[in-house]
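All remarks here apply to the structure that follows.
Note that ligands are numbered from 1 as they come in the structure, with each ligand's atoms numbered from 1 the same way.
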Amino acid sequence: MIDTGTAPDYAAAEKQLGQVLEIVDRLETAALELMESIEAADLARAGAQREFEVLKQGLTVARAALGARDAPIRAELTDLLGRRPAAADGVPVDYRSPYAYQRQRKRPALVNTREQMCQTCQTRIPGQRIVETTLARAVHTCPGCAGWLLP
Ligand SMILES: [Zn+2]
């Protein structure tokens with residue numbers, strides 16, 4: 001009866017079979033989409049891995065270049081620090097204490113000005129101080145941060 005399609009529940013079985021085939025079809029489609037996603041992710045990962053290797057190589061080169069520059073700079077710094085006490089002795093006594101005060105407060109000893117403003121503390125500098133500093137007639141400090149004005 002089943003072979004001939006005359007069984008009483010043949011239509012129901014056929015309907016269920018159709019539903020099962022639809023489910024299988026949807027699952028196969030989903031599986032294919034997942035496999036495509038996995039392939040795309042693998043390709044992206046491989047590309048990222050190659051890019052990472054290139055960047056890693058660049059970092060190694062940059063570190064080597066930095067290391068090559070480091071030694072001369074450290075040698076120069078050691079030399080300059082060794083000469084610093086002798087140079088400090090040459091500074092007029094009147095400037096030593098303010099300089100030490102600035103260093104103690106971790107402020108720059110020398111400050112730039114632009115448009116009558118201290119570039120360190122943004123305090124307005126009197127015009128007369130700017131003129132005298134520019135003409136090298138006097139040594140003035142910023143009224144805000146006490147740094148010596150640079151011409
Ligand atoms: Zn200042």
Side-chain angles (χ1 to χ4, degrees), residues 12-151:
E14 196 170 53
K15 185 177 178 183
Q16 284 182 345
L17 179 62
Q19 289 173 344
V20 167
L21 289 175
E22 273 181 35
I23 291 171
V24 167
D25 189 46
R26 273 195 316 237
L27 289 175
E28 283 179 348
T29 302
L32 284 174
E33 287 172 0
L34 284 174
M35 289 187 333
E36 287 174 3
S37 295
I38 289 170
E39 283 179 29
D42 282 345
L43 282 174
R45 185 190 53 77
Q49 183 69 32
R50 283 191 301 273
E51 193 173 325
F52 172 74
E53 293 300 327
V54 168
L55 291 174
K56 192 173 165 184
Q57 207 167 23
L59 179 64
T60 302
V61 169
R63 281 189 174 154
L66 190 60
R69 287 176 39 199
D70 185 56
I73 291 172
R74 286 187 186 277
E76 184 180 354
L77 178 63
T78 303
D79 177 49
L80 290 173
L81 287 175
R83 293 175 13 203
R84 187 174 184 278
D89 289 343
V91 174
V93 176
D94 293 345
Y95 298 137
R96 289 183 193 166
S97 178
Y99 178 76
Y101 180 74
Q102 290 293 92
R103 298 242 332 152
Q104 181 185 10
R105 300 196 65 179
K106 300 196 183 304
R107 289 181 178 170
L110 303 173
V111 296
N112 285 310
T113 57
R114 184 182 306 155
E115 297 176 4
Q116 294 192 343
M117 296 290 281
C118 171
Q119 294 300 295
T120 300
C121 69
Q122 306 305 318
T123 299
R124 177 169 283 292
I125 309 292
Q128 187 65 28
R129 289 186 185 189
I130 300 283
V131 170
E132 289 179 1
T133 301
T134 304
L135 297 175
R137 290 187 179 160
V139 176
H140 288 291
T141 57
C142 168
C145 65
W148 283 292
L149 303 179
L150 289 170

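Around the Zn ion (ligand 1), protein N, O or S atoms at less than 2.8 Å comprise Cys118 SG, Cys121 SG, Cys142 SG, Cys145 SG.
Atoms CG and CD, on Leu149 and Glu132 in that order, are 10.5 Å from each other to the nearest 0.5 Å. Between the CG atom in Leu17 and the CD atom in Glu22 there is a gap of 10.5 Å [rounded to 0.5 Å].
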All N/O donor-acceptor pairs, side-chain side in residues 97-118, below 3.5 Å, sequence neighbours left out:
from   : atom 1 : to     : atom 2 : distance (Å)
Tyr99  : OH     : Arg84  : NH2    : 3.4
Tyr101 : OH     : Arg105 : NH1    : 2.6
Gln102 : NE2    : Pro108 : O      : 3.1
Gln102 : NE2    : Cys145 : O      : 3.1
Arg107 : NH1    : Cys145 : O      : 3.2
Gln116 : OE1    : Arg124 : NH1    : 3.2

What side-chain donor-acceptor pairs closer than 3.5 Å can you find for residues 37-62, not counting sequence neighbours?
from  : atom 1 : to    : atom 2 : distance (Å)
Ser37 : OG     : Glu33 : O      : 3.0
Gln49 : NE2    : Glu53 : OE2    : 3.1
Thr60 : OG1    : Lys56 : O      : 3.0

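Between Arg129 and Ile125, the closest heavy-atom pair is CB-CG2, 4.0 Å.
Scanning for salt bridge (charged side-chain N to carboxylate O under 4.0 Å, His left out) contacts around Arg69 gives an empty result, with sequence neighbours left out.
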